[in-house]
Amino acid sequence: MDLKLYDTLTREKRVFVPLDPSNVRMYVCGPTVYDFAHIGNARPVIVFDVLFRLLRHLYGAAHVTYVRNITDVDDKINARAAEEYPDLPLNEAIRKVTEKTDKQFHDDVAALGCLPPTVEPRATEHIAEMKALIERLIASGNAYVADSNVLFSVRSMPDYGKLAKRSLDEMIAGARVEVAPYKRDPMDFILWKPSKPGEPAWPSPAGIAAPGRPGWHIECSAMSWKYLGETFDIHGGGIDLVFPHHEDEIAQSRCAFHTPLMANFWMHNGFLQVEGEKMAKSLGNFVTIHELLATDKFGAMRWDRAVLRLAMIKTHYRQPIDWTVRALEESKAIIHSWADAIQPHIVEPYDRSLSVPNLLIEALCDDLNTPLALAEMHKMAHAARDGDETSARLLAGAADFFGLHRSAWDSKLDQHIFDSAFNSRVDDLIAARNQFRKARNFAESDRIRDELAKLGVVLHDNKDGTTWEIAR
RNA sequence: GGCCACGUGGCGGAGUGGUUACGCAACGGUCUGCAAAACCGUGUACCCCGGUUCAAUUCCGGGCGUGGCCUCCA
């Protein structure tokens, strides 16, 4: 089956052919570790996790290399460190901030069911590769030294602006930034810059005496080079990174290696809004992954990981997505209806004999059409409720493929259930109620049902007896 | 101001040059002491204006609206 992916560079959907099927290579821009990851940060992580899973399915888990970097050198990190730990030396404060944030990020994305990438390189551990690239770019006449900075000369690259689909002249006409006097061209960007005293600093390349640190763009060119080579298959990230970040990565890598392409496919996920508005701290609608999972700040409840993940893949990755309480409630309803459909067939979570439905793979092979894949899952759920065990197993397999954590679906796994005192109390009340029902004393039986409802227990009267679950 | 996207029923959201998407919610029914769940059924859509076409929600142009980038923000 052909996998088709949309490529931002050519603005077309086309068949994906790996450079080397025994090692399919993907790079995705990871977080800058200075604060809790918000739900917008979660989108590319989840989107490319789904792609990673699909590639592993198509080419074999051992034949896919997924690299997602950690940016741990950055002005925002410096600022945060100085703010949070004003009494510590800056470098020590920076280490505290990056270590803490890095751990939070990994806890959050693991909770969201994302597989760990094959490699997660840190920028500060790849300074040597960055300097090597910078030296190459200077040697090839694509970069120059000015005022202890190293800058990339955009005029040296005829194709500059192709990804963002705008010419240099258009960019300059629209620019609203002040241009540093040492730049040869207003659009030239920093590869290396001098550090202020106390800031992280490394010996500079290009014979610059003052110690310095890398610009933002060069790190991704360096790390993708080290782990994936000069040209690789897929480069992903949020659409906001198209310009300047990815444009500049392309310029650096292609000029350093004299290659026509950096990656064969450039993939970008759409932006995320919250309740119809841009997410911003100033608007007070900033919502972190941690808050969704562990607090009731958004929508007055904690959300299950599967609900969050489903809410994310319900929309095609290139479409804008509006993150709303209503959408989460809908996702929750869907998860529960699937849980109900699977439950009678007793498909164990982590059952390794489950297979991934072909219809699911077919949908995903069409540029990751997750909404269509979910529609197929609804059909499976329908058949499962009709008693078809095969469909139940397919649905479970599909859910597992998507990382929807079925183990958390069953409300009976709620912590209440492990409380045997609570259990026996519920069972006693149900027995009492059924006595009243048998005696047709419905006033009393309804009173008991209300009492149970107050405990969060919902009853289902079936032919064979009464079952219960924790209210959803 | 420049550039780039997007605009489908109450809501979410695929897709297609002519044929039911799907889901959530709502409504009617079956079942049930009543509920709940489940099942069956029902309704409402393709931003506006032109053009191409036998036929456009789908292609082209314009408009309006929303968003993104141009500010090291996924």
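Protein chains get the first letters and strands the later ones, always in sequence-line order, with residue 1 at the start of each. The figures here come from the full heavy-atom set of this structure, side chains too, leaving out hydrogens, waters and symmetry mates.
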Charged N to carboxylate O below 4.0 Å: is that the case for [X] and [Y]?
{"X": "Arg213(A)", "Y": "Asp75(A)", "answer": "yes"}
{"X": "Asp367(A)", "Y": "Lys13(A)", "answer": "no"}
{"X": "Glu329(A)", "Y": "Arg326(A)", "answer": "no"}

When only distance counts, do a donor and an acceptor, one from the side chain of [X] and one from the base of [N], lie under 3.5 Å apart?
{"X": "Arg318(A)", "N": "A5(B)", "answer": "no"}
{"X": "Asp75(A)", "N": "C72(B)", "answer": "yes"}
{"X": "Asn369(A)", "N": "G15(B)", "answer": "no"}

Practice task
Take the angle between the ring planes of Phe286(A) and His38(A) and call it parallel below 30°, perpendicular above 60°, tilted in between.
Solution key: perpendicular
Exercise for the section: Would you please classify the geometry between the His126(A) ring and the Tyr227(A) ring as parallel, tilted or perpendicular, with 30° and 60° separating the classes? Expected result: perpendicular
So what does [X] touch, heavy atoms closer than 4.0 Å: a base, only the sugar-phosphate, or nothing?
{"X": "Lys438(A)", "value": "nothing"}
{"X": "Arg447(A)", "value": "nothing"}
{"X": "Asp248(A)", "value": "nothing"}
{"X": "Gly237(A)", "value": "sugar-phosphate"}
{"X": "His217(A)", "value": "nothing"}
{"X": "Arg68(A)", "value": "nothing"}
{"X": "Ile190(A)", "value": "nothing"}

Nearest to the side chain of [X] - [options]?
{"X": "Asp461(A)", "options": "C39(B), A35(B), A14(B)", "answer": "A35(B)"}
{"X": "Trp216(A)", "options": "G33(B), C72(B), G13(B)", "answer": "C72(B)"}
{"X": "Asp74(A)", "options": "C72(B), C4(B), C34(B)", "answer": "C72(B)"}

Quick one: pull up [atom1] in [X] and [atom2] in [Y] and give me the separation to the nearest 0.5 Å.
{"X": "Ile127(A)", "Y": "Ile218(A)", "atom1": "CD1", "atom2": "CD1", "result": "10.5 Å"}
{"X": "Ile46(A)", "Y": "Asn269(A)", "atom1": "CD1", "atom2": "CG", "result": "10.5 Å"}
{"X": "Lys193(A)", "Y": "Ile208(A)", "atom1": "NZ", "atom2": "CD1", "result": "13.5 Å"}
{"X": "His217(A)", "Y": "Glu249(A)", "atom1": "NE2", "atom2": "CD", "result": "9.0 Å"}

Give a yes or no on whether the backbone of [Y] and the side-chain of [X] come within a donor-acceptor separation of less than 3.5 Å.
{"X": "Asp188(A)", "Y": "Val154(A)", "value": "yes"}
{"X": "Arg309(A)", "Y": "Leu404(A)", "value": "no"}
{"X": "Ser204(A)", "Y": "Gly212(A)", "value": "yes"}
{"X": "Glu129(A)", "Y": "Ser224(A)", "value": "no"}

Output the rounded distance in Å from [atom1] ([X]) to [atom2] ([N]).
{"X": "Leu241(A)", "N": "C4(B)", "atom1": "CG", "atom2": "P", "answer": "19 Å"}
{"X": "Ile430(A)", "N": "A36(B)", "atom1": "CD1", "atom2": "P", "answer": "18 Å"}
{"X": "Ile289(A)", "N": "A74(B)", "atom1": "CD1", "atom2": "C1'", "answer": "11 Å"}
{"X": "Ile448(A)", "N": "G33(B)", "atom1": "CD1", "atom2": "P", "answer": "17 Å"}

Handout entry: Per-nucleotide protein contact string for nucleotides 57-63 of chain B, where B marks a base within reach and S marks sugar-phosphate only (heavy atoms under 4.0 Å, - for neither)
Key = -------
Practice task
For Ser445(A) and for Asp322(A), find the nucleotide of RNA chain B with the closest heavy atom, then tell me which residue's nucleotide is more 5'.
Solution key: Asp322(A)
Problem - N or O in side chain of Lys165(A) less than 4.0 angstrom from A5(B) OP1/OP2 - result: yes
Handout entry: Within 45° cone of Phe265(A) ring axis and under 6.0 Å: Arg14(A) NZ or CZ
Key = yes
Practice task
Please confirm whether Arg68(A) makes a cation-pi placement over Phe48(A), using NZ or CZ under 6.0 Å from the six-membered ring centre and within 45° of the ring normal.
Solution key: no
Table of protein N/O atoms under 3.5 Å from nucleotides 42-44 of chain B N/O atoms:
none

Exercise for the section: Counting Watson-Crick and G-U wobble pairs whose two distances are both under 3.5 Å, find the runs of 3 or more in a row that involve RNA chain B. Expected result: B:1-7 with B:64-70, B:10-12 with B:22-24, B:26-30 with B:38-42, B:47-51 with B:59-63
All N/O pairs under 3.5 Å across the protein-nucleotides 22-24 of chain B interface:
from: G23(B); atom 1: N2; to: Glu330(A); atom 2: OE1; distance (Å): 3.1
from: G23(B); atom 1: N2; to: Glu330(A); atom 2: OE2; distance (Å): 3.2
from: G23(B); atom 1: N3; to: Glu330(A); atom 2: OE2; distance (Å): 3.3

Residues 77-84 of chain A side chain polar contacts: donor-acceptor under 3.5 Å, at least two apart:
from: Arg80(A); atom 1: NH2; to: Asp35(A); atom 2: OD2; distance (Å): 3.4
from: Glu84(A); atom 1: OE1; to: Lys100(A); atom 2: NZ; distance (Å): 3.2

Exercise for the section: Please determine, by modelled atom types, if Glu219(A) and Asn69(A) share a side-chain donor-acceptor pair under 3.5 angstrom. Expected result: yes
Exercise for the section: Under 4.0 Å from any atom of RNA chain B, heavy atoms only: list the residues of residues 269-279 of chain A that qualify, in numerical order. Expected result: Asn269(A), Gly270(A), Phe271(A), Leu272(A), Gln273(A), Lys278(A)
